[in-house]
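Reminder, nothing fancy here: chain letters follow the sequence lines and each chain counts from 1. We use all heavy atoms of the structure for the numbers below, so side chains are in, but hydrogens, waters and symmetry mates are not.
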2 protein chains.
Amino acid sequence: MDARAFKDTIYSEFTRIGKVLSSPKRIELLDLLSQSPKSVETLSRETKMSIANTSKHLQALLDARLVRYHKEKNFVIYQLANPKVVDLLFTIKSIAEEQIADINILREEFIVRDDSLETMELEEWENRKEEDNYVLIDVRPKAEYLSGHLEGAISIPIDELNEHLKKIPKGKEVVAYCRGPYCVYATEAVELLQSKGYHASRLEAGIHEWNQFHERQFH
Amino acid sequence: MDARAFKDTIYSEFTRIGKVLSSPKRIELLDLLSQSPKSVETLSRETKMSIANTSKHLQALLDARLVRYHKEKNFVIYQLANPKVVDLLFTIKSIAEEQIADINILREEFIVRDDSLETMELEEWENRKEEDNYVLIDVRPKAEYLSGHLEGAISIPIDELNEHLKKIPKGKEVVAYCRGPYCVYATEAVELLQSKGYHASRLEAGIHEWNQFHERQFH
DNA sequence: TAACTATTCAACTGATTAGTTGAATATTAA
DNA sequence: TTAATATTCAACTAATCAGTTGAATAGTTA
């Protein structure tokens with residue numbers, strides 16, 4: 001093997017990772033799996049793909065070794081194969097945000113909304129969380145909460161928020177978070193809460209942003 | 001726009017980055033540009049692609065905003081659009097190394113070779129570099145050296161090594177480095193130097209590994 | 001001005017890929 | 001054992017992509 005053949009082989013191996021990131025649905029699958037392990041059926045429902053197509057995309061992710069699976073009853077549960085995949089998603093999002101202006105415009109429109117909907121940055125929350133007049137709610141599906149959540153958060157999945165309003169002490173300020181800066185659940189939660197007379201704001205972070213923030217503190 | 005359309009649009013934007021990483025030649029182009037800005041012609045020569053094809057791949061990278069260019073005389077000089085692209089390449093390589101076993105086997109065979117060829121880790125070099133009986137040589141093309149190099153390194157491009165042996169003080173131990181852990185130049189340099197009676201070893205790092213190492217020290 | 005150089009564009013071919021549909025497999029529960 | 005459920009596989013279509021070739025463009029030098 002000469003130097004050229006070596007380079008070609010090595011770079012082809014690297015593209016196994018790139019190839020898999022070239023489909024929106026596969027990135028969405030990775031993003032979902034970064035929140036918690038999930039069955040094919042759950043992933044198919046969340047991504048609005050057919051089961052067969054979901055399965056095929058998962059095979060592709062498996063082939064690139066970005067995910068692995070185990071069986072539970074007759075479910076196949078997929079999860080990320082390596083925590084670095086979270087870093088990979090982070091880096092891609094961060095470059096996309098800096099280089100592709102449309103992304104921020106879209107996110108501003110759809111997630112951040114206008115000034116009527118209050119946003120709280122993670123750093124601000126870290127300073128305020130001891131203040132005792134805040135409740136932090138995690139509006140993701142229960143399984144994702146159970147797989148890992150912010151310190152002190154209580155779980156009220158967005159679907160159940162309307163029925164479980166009583167879990168939220170009146171008089172407290174509500175801070176809602178979901179999967180991260182591109183997840184719409186927290187926005188929806190804050191809208192609902194505001195309409196019911198709560199003072200609520202959306203935390204601009206998810207579990208991964210929180211973890212990264214706290215890793216940096218220790219470094 | 002509903003939530004599904006928003007997700008589809010956002011994830012499609014992210015794939016602009018993924019798509020571009022799905023071709024070995026494009027990753028190689030990014031890797032080369034991470035060492036220094038380069039003209040289309042240089043890139044075409046280094047990657048062994050036709051000029052037209054090189055240009056087309058560069059257009060694709062441009063489209064994803066991973067590179068930008070300026071003109072000098074009648075050359076078009078491309079460079080990375082954002083230093084985070086280096087992080088992106090790092091993360092991909094690091095996941096590939098952990099998840100795809102073949103990569104390490106190949107690298108071991110082709111770059112590290114057997115025990116006859118001494119390898120020095122960056123950390124060891126950091127401890128030894130004050131010792132005064134070492135010369136550090138950068139065997140990359142001159143332009144890459146000029147664009148940024150390790151502290152104290154002298155430039156002797158691999159092509160010119162044989163003619164410029166006199167630049168290396170006899171009696172000193174030689175440490176050679178090139179573009180990074182997948183670059184063959186330092187291996188070739190150490191082989192040549194050993195055959196000429198020098199005591200030489202290959203530094204398992206390039207400029208980016210060095211930068212990352214020193215950023216961590218400060219954090 | 002003309003000749004030269006570096007780069008890009010346009011048109012084409014062969015290969016790869018996303019998504020669909022329906023059948024096959026494998027595990028569980030009755 | 002049989003029926004039910006979850007997942008995968010196989011075959012197909014439409015779309016996209018890498019690389020080639022040759023022509024067009026634009027900037028430089030004489």
Could you list the residues that satisfy side chain to side chain contact (heavy atoms under 4.5 Å, CB included) with [X], not counting sequence neighbours?
| X | answer |
| --- | --- |
| A/T119 | A/V112, A/E121, A/R202, A/E204 |
| B/K84 | A/S94, A/I95, A/E98, B/N82, B/D87 |
| A/A52 | A/S50 |

Residues in contact with DNA chain D, drawn from [range] - heavy-atom cutoff 4.0 Å:
| range | result |
| --- | --- |
| residues 40-52 of chain A | A/V40, A/E41, A/I51, A/A52 |
| residues 61-74 of chain B | B/K73, B/N74 |
| residues 6-35 of chain A | none |

Side chains of [X] and [Y]: closer than 4.5 Å at any heavy-atom pair?
| X | Y | answer |
| --- | --- | --- |
| B/I17 | B/T15 | no |
| A/I154 | A/H149 | no |
| A/V190 | A/Y198 | no |

Pair B/K93 + B/D31: basic N to acidic O under 4.0 Å: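 Judged by the 4.0 Å cut-off on N to carboxylate O distance, B/K93 and B/D31 do form a salt bridge.
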Under-4.0 Å salt bridge between A/D8 and B/K48: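 B/K48 and A/D8: not salt-bridged.
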Axial bend angle, the helix from C/dT1-D/dA30 to C/dA30-D/dT1: five-pair end segments, nearest 10°: 30°
Sequence neighbours left out, cut at 3.5 Å: what donor-acceptor pairs do the side chains of residues 69-81 of chain A make with other protein atoms?
unit_1	atom_1	unit_2	atom_2	d
A/H70	NE2	A/E72	OE2	2.7
A/Y78	OH	A/Q59	NE2	3.4

Sugar-phosphate, base or nothing in reach of A/S39, heavy atoms under 4.0 Å: sugar-phosphate
side-chain N/O A/H57 vs C/dT17 OP1/OP2, d < 4.0 Å: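 Answer no for this pair, as no side-chain N or O of A/H57 is under 4.0 Å from OP1 or OP2.
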Return all side-chain donor-acceptor pairs below 3.5 angstrom for residues 177-184 of chain B, not counting sequence neighbours, or 'none' if the list is empty.
unit_1	atom_1	unit_2	atom_2	d
B/Y177	OH	B/D138	OD2	2.5
B/Y177	OH	B/L150	N	3.1
B/R179	NE	B/E144	OE1	3.0
B/R179	NE	B/E144	OE2	3.4
B/R179	NH2	B/E46	OE1	3.4
B/R179	NH2	B/E46	OE2	3.0
B/R179	NH2	B/E144	OE2	2.8
B/Y182	OH	B/E97	OE2	2.6

Test side-chain hydrogen bond (donor to acceptor under 3.5 Å, both in side chains) applied to B/W125 - qualifying residues, sequence neighbours left out: none
Intermediate values then yes/no, salt bridge (charged side-chain N to carboxylate O under 4.0 Å, His left out), A/E191 and A/R113: CA-CA 10 Å; A/E191 277 186 334; A/R113 305 285 166 91; 2.6 Å; yes
B/H208: partners by ring pair (Phe, Tyr, Trp, His ring centres under 6.0 Å), with sequence neighbours left out: none
Pi-cation contact, A/F14 with A/R16 (under 6.0 Å, within 45°):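 No, A/R16 does not sit over the ring of A/F14.
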Leading and trailing nucleotides of DNA chain D with any atom under 4.0 Å from heavy atoms of chain A: D/dT5 to D/dC9
Inter-residue atom distance B/E28.CD - A/I10.CD1, 0.5 Å rounding: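 If we round to the nearest 0.5 Å, B/E28:CD and A/I10:CD1 are 11.5 Å apart.
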